[in-house]
Engineer: 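If you scroll down you'll find the structure; I have some questions about it.
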2 protein chains.
Amino acid sequence: MGTTATAAVPEPKYWQLRTVLVRTIDEEFHTGEVLPNERDLAARFGVARATLRQALDQLELEGRLVRRRGIGTLIAAPRMGIPVAEASSRDTWRIVDCGIGAAPAAVAAALGITGDEPAEVHTVRRVRMMAGQAVGTETLFVPAAVMPHVPGFLAESSRARAVLKQFQALPIEGESRAVELGVAEEEQARLLERPPGIPVLVLTTRYAGDAGKTLAVAISTYRADTCKLTFGDAGVEVRAAS
Amino acid sequence: MGTTATAAVPEPKYWQLRTVLVRTIDEEFHTGEVLPNERDLAARFGVARATLRQALDQLELEGRLVRRRGIGTLIAAPRMGIPVAEASSRDTWRIVDCGIGAAPAAVAAALGITGDEPAEVHTVRRVRMMAGQAVGTETLFVPAAVMPHVPGFLAESSRARAVLKQFQALPIEGESRAVELGVAEEEQARLLERPPGIPVLVLTTRYAGDAGKTLAVAISTYRADTCKLTFGDAGVEVRAAS
DNA sequence: AAGTGGTCTAGACCACGTT
DNA sequence: ACGTGGTCTAGACCACTTG
């Protein structure tokens, strides 16, 4: 007997370090201030730089820190509340491109397209801007069968506007959404002006017509470090949990 | 001239590795299968183990892999769709504890409590179970001023049920929510039966009465690796983006 | 040129689960 | 006892930004 005791496994160093840093940050730093550099911090806490970085990684994931190569580690501003509008009114989007072609398998499934031959869908990609910076990307998929009357001779940007306009005129009865965690691949990362691999909130929206028929699907990605998705009224201003 | 060229900075090894692994996983493995161990994989790809682990970290964040100490690295099951119910019907929750006391500052602010003296709130914590496993935690805050008639002599579990019952009877006109990324601290991690630091989706819900008055606030955390939060109807079955 | 964070290495030891 | 993933180290070099 004896080894059955709770063993008192100490928490990993990087987690202890994170706890200390959270307190320090909250008490002694303000948004925009610069932390000491990683080598100094590691020395101060008596750990290897890699271990310190593990703690900083956590804090960055939580949106408390921003690290800029060549500059330093800064205290991050509170996350922006991004309204996930039911009926989006005036929004700041920048159209990237627009095309028509076969839907990716996953999207075709969501659209309820079961046919063997790949279904044609209009695809519009755009970037959501907020406070002058790119915070999210969106790819909208509308089956050509739902919206067949987009002139093909238009320039890409005109066609994008035409597709969006017709989309907004669709008899949409309701939306259902899902939010999950992902990482930005090359395409999204480029649009968000960030390196690949940054964490993103992936928002999938299904637009339903009558009888629950899916009229369109949109897949959006938002920078998880700087964004907080809000549903319903204004965002709730809570930061720390429980 | 010449150095202005795009420089062709190669992508980091861990990102290339991730890309290769994604393809390999999608094409040659099924849910529940075990990957070769990290040392072998690192050797096979000719990289240090730490670099390989960086790639695996990404895939775990995306919910594609699950790593179990002492066991190995497994292909993860698709994420569970967790309905964020407007009017939750029959749900599988396990009550953890219940108390009354001063609201944390952040919660007090969300509740619109501006007084100098700390406002008393009822606090109920519970764990959401799904398929037999803990997937999320919730802490509900209801001001005592909104719901003053909970008998104080009851046992904790009875008081929790009493608070929840009265909460459900409140004249709630609407909910507004926010979703952001966080990491589980000790408390939540313990309830989720995971180590501290795992990524979680933090869901903040504000329950409003008439005139927009905030009647209650709930802060929930869901395991980001295994959960996908769904709003509205059933979850949309889409996995990959764009 | 100097300082910052980002990547990568090679190796060690620990905690956990199975045999 | 053995094999797995988890943590930690000490050091190197690269990419980016600023004086």
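Per chain, numbering begins at 1; letters A, B, ... match sequence-line order.
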Engineer: To the nearest Å, give me how far apart CG (B:L17) and C1' (C:dT9) are.
Structural biologist: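 After rounding, the gap between these two atoms is 14 Å.
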
Engineer: Using heavy atoms and a sub-4.0 Å distance, could you list which residues of residues 43-57 of chain B are near DNA chain D? By number, please.
Structural biologist: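 Heavy-atom cutoff 4.0 Å gives B:R49, B:R53.
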
Engineer: Can B:E38 and B:L56 be said to form a side chain to side chain contact (heavy atoms under 4.5 Å, CB included), step by step?
Structural biologist: CA-CA 9 Å; B:E38 296 182 349; B:L56 295 182; 3.9 Å; yes

Engineer: Name the residue closer to the 5' end of DNA chain C, choosing between B:W15 and A:R39 according to the nucleotide with the nearest heavy atom.
Structural biologist: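 Residue closer to the 5' terminus by nearest nucleotide: A:R39.
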
Engineer: Does the base of D:dG6 carry an N or O that pairs as donor and acceptor with the side chain of B:R68 under 3.5 Å?
Structural biologist: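 Check fails, no donor-acceptor contact within cut-off.
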
Engineer: Round to the nearest Å and state the distance from B:L41 atom CG to D:dG6 atom P.
Structural biologist: 13 Å

Engineer: Select one nucleotide: of C:dT9, D:dT7, D:dG6, the one nearest the side-chain heavy atoms of A:P12.
Structural biologist: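 Minimum distance to the A:P12 side chain belongs to D:dT7.
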
Engineer: May I ask you to verify if any side-chain N or O of B:Y14 is less than 4.0 angstrom from the OP1 or OP2 atom of C:dC8?
Structural biologist: no

Engineer: Between atom CD of B:E187 and atom OG1 of B:T139, what is the distance when rounded to the nearest 0.5 Å?
Structural biologist: 8.0 Å

Engineer: Heavy-atom nearest nucleotide on DNA chain C for B:G70 versus A:G70: which residue maps closer to 5'?
Structural biologist: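 Taking each residue's closest nucleotide, the earlier one in sequence belongs to A:G70.
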
Engineer: Checking side chain to side chain contact (heavy atoms under 4.5 Å, CB included) for the pair B:T73/B:L41: CA distance, chi angles, key distance, verdict?
Structural biologist: CA-CA 11 Å; B:T73 303; B:L41 277 178; over 6 Å; no

Engineer: Got a donor-acceptor contact below 3.5 angstrom from the B:Q16 side chain to the B:K13 backbone?
Structural biologist: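 The answer is no, because no donor-acceptor pair under 3.5 Å joins these two groups.
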
Engineer: To the nearest 0.5 Å, tell me how far A:L229 CG sits from B:E180 CD.
Structural biologist: 9.5 Å

Engineer: Say whether A:W15 and B:E186, considering side chains only, have a donor N or O and an acceptor N or O under 3.5 Å apart.
Structural biologist: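 The criterion, which ignores hydrogens and geometry beyond distance, is satisfied for B:E186 and A:W15.
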
Engineer: Could you state the atom-to-atom distance from CZ of A:R69 to P of C:dT7 in whole Å?
Structural biologist: 6 Å

Engineer: Calculate the interatomic distance between A:D40 atom CG and C:dT4 atom P; express it in whole Å.
Structural biologist: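 My rounded result for the distance is 7 Å.
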
Engineer: Roughly how many Å is it from CG in A:L74 to P in C:dT4, rounded to a whole number?
Structural biologist: 13 Å

Engineer: Using a cut-off of strictly less than 4.0 Å between a heavy atom of the residue and any atom of DNA chain D, enumerate the qualifying residues of residues 26-38 of chain B by number.
Structural biologist: B:N37, B:E38

Engineer: Output the rounded distance in Å from NZ (A:K13) to C1' (D:dA10).
Structural biologist: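 Going from NZ in A:K13 over to C1' in D:dA10 covers 13 Å.
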
Engineer: Which nucleotide, D:dC8, C:dG17, D:dG6, lies nearest any side-chain atom of B:I71?
Structural biologist: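 Closest of the options to the side chain of B:I71: C:dG17.
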
